[in-house]
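Counting convention: from 1, in listed order, for ligands and their atoms alike.
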Amino acid sequence: MDRKMFCFQCEQTAGCKGCMGIAGICGKKADIAGLQDELTGVLVGLARATECNESLITASTDDIVIDGLFATITNVNFDADALRVLIERAEDEKKKFAPGCYACASSCGKTRNYDMNALWNADEDIRSLKSLILFGIRGIAAYAYHAAALGYTDGTVTRFFYKALYAIGRDDWGMDELLPIVMEVGKVNLTCMELLDRANTGTYGHPAPAEVSMTVEKGPFIVISGHDLHDLKLLLDQTAGRGVNIYTHGEMLPAHGYPELRRYPHLKGNFGTAWQNQQREFGSIPAPVLFTTNCLMPPRASYADRVFTTGAVAYPELIHIGDDRDFTPVIEKALELGGYAEDQHFTGINGGDKVMTGFGHNTILSVADRVIEAVKSGAIRHFFLVGGCDGARPGRSYYTDFVRQTPSDSVILTLACGKYRFNDLDLGTIGGLPRIMDMGQCNDAYGAIKVALALAEAFGCGVNELPLSLVLSWYEQKAVCILLTLLYLGIKNILLGPSLPAFVSPNVLNFLVENYGIAPVSTPEEDLARLLNR
Ligand code: FSO
Ligand code: SF4
């Protein structure tokens, strides 16, 4: 195929087929896409080299693989130099496992790096299955990265990265070999989300309900975006007593629920809505923005000098805060810009001036008796999990309309950045609980699973028999591993939108429909009628 780049890993991919020109819809240019492919190919080579030498794998090998996978997630790393460093690290590591291969004149090819074009040009079903594996482990790597930042690792998770990468490199494998590995992605992601849940709650306590203001107080401030709670904690420490307030953005919002983070008086509130609105929302704020993870969009010239990156995120010419996490340049920028002269009152997309978060599994399960009673008495008729990513496509207003139209005797659990479509709505309460409960970030899908399993046990039925419907939105690769986890758990009849992944081939889609009843969202009216009457 004659094309400059190929990438179809996210929901906004060009023409719902693939980004193939000089740049992707996300702003990733062809040279960056090429470097990301090269990096993935070297990681496959590294996995091949570890095959016979597993005992030589160290924590540093794991870090290289995790960093390399995370860097290729949508809206994370747009920086050629940073990607070249990751490629070099992986190549150097590979030499430790197969030093002979580098000197060998008649290479057998067993430790060769993988040419990703072989994958992009493969038979569409094989390409589909391998894409599910690759995009799934990219998502898991992000979660493993956050857990590792808090000192939590799990060998079953890290070992699986090598197995999955090795499978991606096997051009002689078919459906029989690849399908079980696709399912294993879901299983391993469950382990990884549980690990991250333990890391977050073990370090910062169990989230508790918190009302979060969207007012930005006068004076210097910093907006922090992304998913890394450890970075937020370090920033809170470094800004304590400096007269600089901190506002969460995007997926950092659930941080307000954690006792060990909310105790900082200068963690004031939340700024802005979901990631796709950042170019408009950051345009005029008198403050710096720190990106700890995705979703970074190419910054406009009007505010590019105020955007900082750290961790896996990188963008050419933006200041990157290195591994020492010395946030001095960000803090100095906040002091220099000075913030607003007066308090500024912002609202969510529906006009609400505050949002709630902090309904982690611990909080919900602590009132399980009340919830079960309310279901038995008929006070709660149905639960909806309306969760996942937000994005730019107009069809995403579906989720706002859907939630608005849910009956007053239903509860909406939500998580990840898709909630900004409706989290400022006041839908009232049921039995003293708000009808919309934000369980946290995308990885807190683990908490939702825990709640669903506990309810199923209490009612003596399977999860699929509960009055619970999953209405999910996807955008990037973390959504892929979460979806595979739900399938691994046997959860059926998930509604997925706003469009189905381009990398799911018709045959693989048939498999998912026949075995799991996955269906695309239609209209809120039709879907609600069907879900409530089933
Ligand atoms: Fe959203 Fe972006 Fe959390 Fe994603 S901010 S889209 S699924 O990175 O990871 O929900
Ligand atoms: Fe296109 Fe998405 Fe890939 Fe970006 S990440 S190049 S938008 S498919």
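A salt bridge links Glu11 and Arg396; the closest N-O separation between the charged side-chain nitrogens and carboxylate oxygens is under 4.0 Å.
There is a side-chain donor-acceptor pair under 3.5 Å between Asn75 and Tyr475. In this model, a donor atom of one side chain and an acceptor atom of the other lie less than 3.5 Å apart for Glu281 and Thr273. Residues Asp228 and Tyr145 bring no donor and acceptor atom of their side chains to less than 3.5 Å of each other. A donor-acceptor contact closer than 3.5 angstrom links the side chains of Ser410 and Arg435.
Within 4.0 Å of ligand 1, protein heavy atoms belong to His227, Glu251, Asn294, Cys295, Cys389, Ala416, Cys417, Cys442, Tyr475, Glu476, Lys478, listed by chain and number. Ordered by chain and residue number, the residues placing a heavy atom less than 4.0 Å from ligand 2 are Met5, Cys7, Phe8, Gln9, Cys10, Gln12, Thr13, Cys19, Gly24, Ile25, Cys26, Lys28, Thr74.
Counting only distance, with no hydrogens or angles, the side chain of Arg127 and the backbone of Trp120 share a donor-acceptor pair below 3.5 Å.
For the side chain to side chain contact (heavy atoms under 4.5 Å, CB included) with Tyr247, the qualifying choice from Leu253, Ile224, Val216, Leu267 is Val216, the only one to do so. Paired with Asp390 under the rule side chain to side chain contact (heavy atoms under 4.5 Å, CB included), one option of Cys295, Ser473, Cys417 passes, and it is Cys417. Screening Glu476, Gln477, Lys478 against Thr74 for a side chain to side chain donor-acceptor pair (under 3.5 Å) leaves a single residue, Gln477.
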